[in-house]
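Encoded as structure tokens, the structure appears first; notes follow it.
In what follows, every heavy atom counts, from backbone to side chain, and hydrogens, waters and symmetry copies are set aside. Each ligand, and each atom within it, is numbered from 1 in the order the structure gives.
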Amino acid sequence: MTPLTSASLRPETRAVHVETPSLSDARPMSVPIYQTSNFAFDDPDALVEAMAHPDGDFVYTRYGNPTTHALETAVAGLEGGAGAVASASGTGAISTVLLATLRSGDHVLAQRQVYGGTFALLTAFADRLGIEVGFIDGDDPAEVAAALRPNTRMLYLETIANPMTRVIDLPAFLAAGNAAGLTTVVDNTFATPLLCRPIEWGADIVVHSATKYLGGHSDVISGVTVFADERRRREVWRHAIELGACADPFAAWLTIRGIKTLPLRIRRQCANAAVLADRLAEHPAVASVRWPGRADHPDHAVARGHLADFGAIVAFDLVGGRETGQNLGKGVRVARLAASLGGVETTLVHPASTSHRQLDAEALAAAGIGEGTIRLSVGVEDPDDLWADLAQALPG
Ligand SMILES: *Cc1c(COP(=O)(O)O)cnc(C)c1O
């Protein structure tokens with residue numbers, strides 16, 4: 001066979017076939033970005049074998065890729081799972097899990113405060129696919145048994161819920177779901193595996209919007225699903241390759257890069273959140289503060305039972321109500337007005353006029369969200385700078 005580097009090949013051929021350098025003993029410190037859709041084989045039998053067992057050798061990046069696989073291994077390790085499937089986004093991870101696990105006629109029990117996009121997905125599946133959805137408040141694990149139907153298949157929970165930082169008694173709800181033989185799914189985006197590992201409390205599946213804390217730098221959209229057992233991972237992965245919300249190698253690489261500093265960021269962000277929550281609580285323009293680490297948070301005792309720290313989302317209610325809430329974003333200089341969260345930058349948003357604008361006053365109240373509620377995602381900046389910024393922006 002003519003070597004691809006051969007000078008006898010014409011430029012049109014040589015331009016296409018750039019040789020992949022082979023490294024002998026040296027190994028790259030950082031996981032390389034395998035920006036390739038395809039993998040070439042020297043041995044035809046090896047390709048036949050790889051096609052027959054697509055979970056084995058890499059063949060095609062929608063099925064698997066070394067960079068996305070490195071991300072899967074990293075997050076599965078942090079969560080204490082058997083394996084993981086990386087996705088194009090948190091929503092891609094969640095929709096894949098739901099579509100891979102549920103069939104029409106099944107009933108899902110979900111926590112009422114789930115992420116808005118998850119609520120929209122569940123509602124759409126209920127409308128169009130004949131999947132039944134019921135919601136539980138999350139106050140008492142006995143709600144699970146009370147809501148069970150013969151067709152109930154899944155219990156869907158979140159570790160810390162948006163925007164009011166609701167923390168349900170996760171171990172007790174997972175125990176109730178498992179006792180009923182349900183597939184238990186936990187969105188662990190807000191807690192990250194540094195604060196809670198739901199598999200250790202009995203979860204079957206953990207989903208992440210890696211866009212938030214895992215990535216952590218507001219530069220990537222990415223998702224990961226972790227499985228307690230390998231059989232379920234294979235089952236969901238088989239559907240994941242059909243559904244096609246697969247991870248992109250570069251996005252996976254950015255997420256891996258973010259994860260390296262996850263413990264440092266989380267420690268700092270939780271510590272900053274503690275400082276800001278306490279200072280906000282003493283400010284005359286602030287009616288109330290919700291941060292699970294404060295003794296006055298309704299779920300504080302529950303959170304202490306299974307969270308290593310209390311997260312970096314702080315919700316607070318402004319005395320001035322809707323108008324004051326909507327205007328706070330104009331006054332801040334360090335914190336940024338932005339809809340997303342979990343990055344190194346502190347961001348804030350007024351849910352009543354943005355993420356939850358479809359809710360009228362009554363529905364807002366039912367969700368526990370005030371007209372003047374602000375959701376603060378605390379970053380890694382200096383806490384005194386953050387406080388000075390908020391203090392000058394709050395109505396005097
Ligand atoms: C953002 C978010 C999602 C959706 O993730 P994307 O990466 O935006 O698709 C799901 N769950 C929670 C808790 C989130 O915060």
Side-chain angles (χ1 to χ4, degrees), residues 68 71-72 75 79 84-99 108 110-125 135 138 154 156-168 170 185-196 198 203 205-226 240 243-248 250-252 254-256 258-259 262 265-266 269 273 292 307 310-315 338-343 345 347-349 351 354-356 367 369 375-379:
T68 63
L71 170 62
E72 292 165 348
V75 181
E79 287 284 2
V85 173
S87 293
S89 65
T91 307
I94 295 164
S95 62
T96 299
V97 165
L98 295 176
L99 288 168
V108 186
Q111 184 181 337
R112 196 175 298 286
Q113 306 84 5
V114 285
Y115 176 71
T118 306
F119 185 86
L121 263 177
L122 288 167
T123 311
F125 291 169
F135 291 97
M154 178 186 282
Y156 190 101
L157 308 168
E158 292 189 1
T159 330
I160 303 174
N162 189 39
M164 300 310 292
T165 66
R166 180 78 217 265
V167 181
I168 63 163
L170 194 73
V185 183
V186 178
D187 183 330
N188 200 31
T189 299
F190 277 35
T192 83
L194 271 300
L195 305 189
C196 181
I205 299 176
V206 173
V207 291
H208 276 282
S209 169
T211 308
K212 314 295 168 51
Y213 292 101
L214 295 184
H217 294 75
S218 313
D219 55 9
V220 64
I221 299 283
S222 154
V224 183
T225 307
V226 182
L243 294 164
C246 57
D248 169 75
F250 182 52
L254 283 170
T255 311
I256 292 168
I259 287 172
L262 177 68
R265 286 185 282 110
I266 290 293
Q269 284 172 276
L307 297 184
F310 302 99
I313 303 296
V314 177
S340 192
L341 57 98
E345 314 85 356
T347 61
L348 59 82
V349 72
T354 57
S355 55
H356 293 69
I369 302 167
R375 184 199 69 198
L376 188 67
S377 167
V378 182

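Taking distance alone, with nitrogen or oxygen atoms compared against 3.5 Å, Glu158 stays at or beyond that limit from ligand 1. At least one N or O atom of Gly90 sits closer than 3.5 Å to an N or O atom of ligand 1.
A distance of 7.5 Å separates OG1 of Thr159 from NE2 of His208, quoted to the nearest 0.5 Å. Annotation: the span from Asn162 atom CG to His356 atom NE2 amounts to 6.0 Å, rounded to 0.5 Å. Note that CD1 of Ile313 is 12.0 Å distant from CE of Met164, once rounded to the nearest 0.5 Å. A distance of 11.5 Å separates CD1 in Ile160 from CD1 in Ile168, rounded to the nearest 0.5 Å. Distance check, rounded to the nearest 0.5 Å: OG of Ser89 to CD1 of Ile94 gives 8.0 Å. Thr118 OG1 to Glu158 CD: the interatomic distance, rounded to the nearest 0.5 Å, is 5.5 Å.
Looking only at heavy atoms of the protein, atom 7 (O) of ligand 1 is closest to Thr211 OG1, 2.7 Å. Among protein heavy atoms, the minimum distance from atom 3 (C) of ligand 1 is reached at Tyr115 CE2, 3.3 Å. Lys212 NZ, 2.5 Å is the protein heavy atom nearest to atom 2 (C) of ligand 1. In this structure, atom 5 (O) of ligand 1 lies nearest to the protein heavy atom Ser209 OG, 2.9 Å.
Contact annotation: Asn162 has no heavy atom less than 4.0 Å from any atom of ligand 1.
Taking a cut-off of under 4.0 Å to the non-hydrogen atoms of Phe190, the atoms of ligand 1 that pass are 13 (C), 15 (O).
Of the residues Val185, Val207, Val75, the one that meets the side-chain contact (heavy atoms from CB on, under 4.5 Å) test with Thr225 is Val207.
Here Thr91 has heavy atoms under 4.0 Å from ligand 1 in both its backbone and its side chain. At a heavy-atom distance under 4.0 Å, only side-chain atoms of Ile94, from C-beta outward, approach ligand 1.
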Quiz item: Would Phe125 and Leu99 count as a side-chain contact (heavy atoms from CB on, under 4.5 Å) if you check the C-alpha gap in whole Å, the side-chain angles of each, and the deciding distance to 0.1 Å?
Solution: CA-CA 9 Å; Phe125 291 169; Leu99 288 168; 3.8 Å; yes

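The closest non-hydrogen atom to atom 13 (C) of ligand 1, taken over Asp187, Asn188, Leu341, Val220, comes from Asp187.
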